[in-house]
Amino acid sequence: MPSLCLATLGTRGMSEIAEKKPAKPVVLTCAQPTGRLHLGNYLGAVLNWGRMQDDYDCYFGIVDQHAITVPHVPAQLRDNTYSCLAQYVACGLDPARSHLFAQSHVIGHTELAWILGCLCPLGQLERMTQFKDKAKKQQSVDAGLLFYPVLMAADILLYNAELVPVGDDQRQHLELARDLAEKFNHRYSETFKVPSPFISKVGSRIMSLQDPTAKMSKSDPNQSSTVYVTDRPEEIRKKLMSAVTDSGSEVRPGDDKPGVTNLLAILSACTGRDVPTLTAEFAGKGYGDFKKAVADAVVATLDPVRLRYDELIKDREALNAIFKAGAEKAQATAFRTLSKVNRKVGFVERPR
Ligand code: TRP
């Protein structure tokens, strides 16, 4: 094809020629800018996302548009969005390898959500357990809360994500995203990859330090239950040394030992050593020694995170630059999907 010049290939063709690498599968996950990340978020989620960055083309979204589906304070939302970005980067999400972006910076999430919403039975949204739970807690419910899972489906499909790391509580929402992808493909033509949930086993259930039968949570009224990634070493030690343990004095996992089991899971996730090895190591030692070892391991794990966060959060310019780079990349992908989708749906091509 002698007449095919670089100009006709466009930028996509150029970058493919430059890289000559097969495209990596896309991983996407998003989180609401809800303030502080805790040890459960870190060990159960963010750490694992970080480990995917070399093998996948990773998109990490901070979903501020989702955050306004429940009552919120605007200034807090803005601060939390910056703080979230700083925490994610401090936790190892790397803007040089991955695309970190704010949902509202990318045109396409709400546009695609509208189109998907026109394929989505109302009853399926009304049956979502998270919708019902959240609706119960509010005096009046806005349409946005009902539409939340459709927006989430759009977040995923806009980037043709193959794998979506999510917590168990998001399984039902992901199922909807799969349904909508299949429906669109069936009604129009093959367009979207059908995304799979990626639910990691390691560290995925870090429990409250005061009630090890409940998940560690930011909204726990007893704040000594929850270690935050930005806690100072003294706070971390205090919380871990006062963690609830179980009757007996043996350090071993078991259904009768939810407190010790949780601390072993934390120690294992922080040190990379497995639970049987740790159990053998603590044979004959008491809870005191054990808890001190857990506290040391958590401090060693989180201290670099906190130090990096403290630096970043002061540097709005750096944070804005990360958002800008992430939005540019995300927008390019989003526009590509959106123009394809608009054409298939039957919208007239936008006059240039
Ligand atoms: N609903 C998710 C949560 O609260 C956040 C979310 C929004 C998300 N869009 C997403 C997660 C897309 C994964 C993929 O945790």
Side-chain angles (χ1 to χ4, degrees), residues 10-12 15-16 19 21-33 45-46 48-66 84-85 88 93-117 119-120 148-167 170 173-185 188-199 322-345:
T11 50
R12 186 158 175 233
S15 72
E16 269 167 12
E19 288 174 13
K21 278 184 260 169
K24 293 176 185 172
V26 172
V27 161
L28 171 136
T29 193
C30 302
Q32 296 195 48
V46 186
N48 297 318
W49 304 348
R51 292 185 178 129
M52 305 180 90
Q53 296 178 106
D54 284 330
D55 299 329
Y56 297 93
D57 188 17
C58 291
Y59 289 82
F60 300 117
I62 299 178
V63 286
D64 46 4
Q65 290 170 327
H66 275 98
C84 241
L85 178 65
Y88 284 130
L93 303 189
D94 176 7
R97 284 181 291 163
S98 303
H99 323 300
L100 284 86
F101 65 94
Q103 187 182 33
S104 65
H105 290 171
V106 182
I107 298 167
H109 291 254
T110 53
E111 277 76 3
L112 182 58
W114 178 257
I115 292 169
L116 296 173
L119 287 173
C120 183
Y148 176 118
V150 181
L151 181 58
M152 176 164 162
D155 299 338
I156 297 167
L157 302 185
L158 197 54
Y159 302 99
N160 251 311
E162 282 181 46
L163 283 182
V164 183
V166 281
Q170 297 298 315
H173 289 160
L174 202 75
E175 204 46 55
L176 179 78
R178 292 169 57 88
D179 286 352
L180 293 174
E182 276 166 359
K183 249 194 180 153
F184 189 98
N185 290 348
Y188 299 105
S189 67
E190 196 61 30
T191 306
F192 295 119
K193 294 208 169 93
V194 180
S196 301
F198 182 83
I199 295 178
I322 295 170
F323 270 141
K324 183 161 187 271
E328 272 167 10
K329 168 69 192 186
Q331 188 65 77
T333 312
F335 274 150
R336 227 180 292 135
T337 306
L338 208 56
S339 70
K340 204 197 282 183
V341 165
N342 283 347
R343 180 163 36 82
K344 296 203 186 196
V345 167

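As a basis for the values below, the full set of heavy atoms in this structure was taken, side chains included, without hydrogen atoms, waters or symmetry mates.
- By the 4.5 Å heavy-atom criterion applied to side chains, Trp49 and Thr29 are counted as neighbours.
- Not counting sequence neighbours, the partners of Tyr159 by the ring-ring contact (aromatic ring centres under 6.0 Å, His included) test are Tyr59, Phe101, His109.
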Margin query: Before you tell me yes or no, could you show the steps for Ser339 and Phe335 under side-chain contact (heavy atoms from CB on, under 4.5 Å), namely the whole-Å CA-CA distance, both residues' side-chain angles and the distance that decides it to 0.1 Å?
Written below: CA-CA 6 Å; Ser339 70; Phe335 274 150; over 6 Å; no
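- Separation of atoms CD (Gln53) and CZ (Phe60) is listed at 5.0 Å; rounding is to 0.5 Å.
- Within the structure, salt bridge (charged side-chain N to carboxylate O under 4.0 Å, His left out) contacts touching residues 154-166 (residues at least two apart or in different chains) are Glu162-Lys193.
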**OP:** Please step through side-chain contact (heavy atoms from CB on, under 4.5 Å) for the pair Val341 and Glu111, ending with a clear verdict.
**Re:** CA-CA 10 Å; Val341 165; Glu111 277 76 3; over 6 Å; no
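- Nearest heavy-atom pair across Gln103 and Gln65 is OE1-N, 2.9 Å.
- Rounding to the nearest 0.5 angstrom, the gap separating the NZ atom in Lys183 from the CG atom in Leu176 is 8.5 Å.
- Atom CG of Asp54 is separated from atom OG of Ser98 by 8.5 Å, given to the nearest 0.5 angstrom.
- Between Pro195 and Ala161 the shortest heavy-atom distance is CB-O, 3.5 Å.
- Residues His99 and Asp57 have side chains that bring a donor and an acceptor to within less than 3.5 angstrom of each other.
- Within 6.0 Å of NZ in Lys324 there are 12 or fewer heavy atoms belonging to other residues, nucleotides or ligands.
- The CD1 atom of Ile156 sits 7.5 Å away from the SG atom of Cys30 when rounded to the nearest 0.5 Å.
- Between Leu100 and Ile62, every side-chain heavy-atom pair lies at or beyond the 4.5 Å cut-off.
- Residues Leu174 and Ser196 share a closest heavy-atom pair of CD2-C, 3.7 Å.
- Interatomic distance, CE of Met152 versus CG of Leu157, reported as 10.5 Å (0.5 Å rounding).
- When all heavy atoms of Leu112 and Leu158 are compared, the pair lying nearest together is CD2-N, 3.6 Å.
- With sequence neighbours left out, the ring-ring contact (aromatic ring centres under 6.0 Å, His included) criterion links Phe184 to Tyr188, Phe192.
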>> Could you go through Val46 and Leu93, starting from their C-alpha distance and side-chain angles, then the distance that decides it, and tell me whether this counts as side-chain contact (heavy atoms from CB on, under 4.5 Å)?
In response: CA-CA 8 Å; Val46 186; Leu93 303 189; 4.1 Å; yes
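- Between Gly108 and Leu338, the shortest heavy-atom contact is CA-CD2, 3.8 Å.
- Here the shortest heavy-atom pairing between Leu180 and Ala153 reads CD1-CB, 3.9 Å.
- One side chain, Lys344 or Ser189, offers a donor N or O that lies under 3.5 Å from an acceptor on the other.
- In this structure, the side chains of Asn160 and Val26 stay at 4.5 Å or more apart for every pair of heavy atoms.
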*asked:* Go through it in stages, so that I can follow the logic: the residues are Arg343 and Lys340, the test is side-chain contact (heavy atoms from CB on, under 4.5 Å), and I'd like the CA-CA distance, side-chain angles, deciding distance and then a yes or no.
replied: CA-CA 5 Å; Arg343 180 163 36 82; Lys340 204 197 282 183; 3.7 Å; yes
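- In this structure, Pro25 and Leu163 have side chains that are not in contact, with every pair of non-hydrogen atoms separated by 4.5 Å or more.
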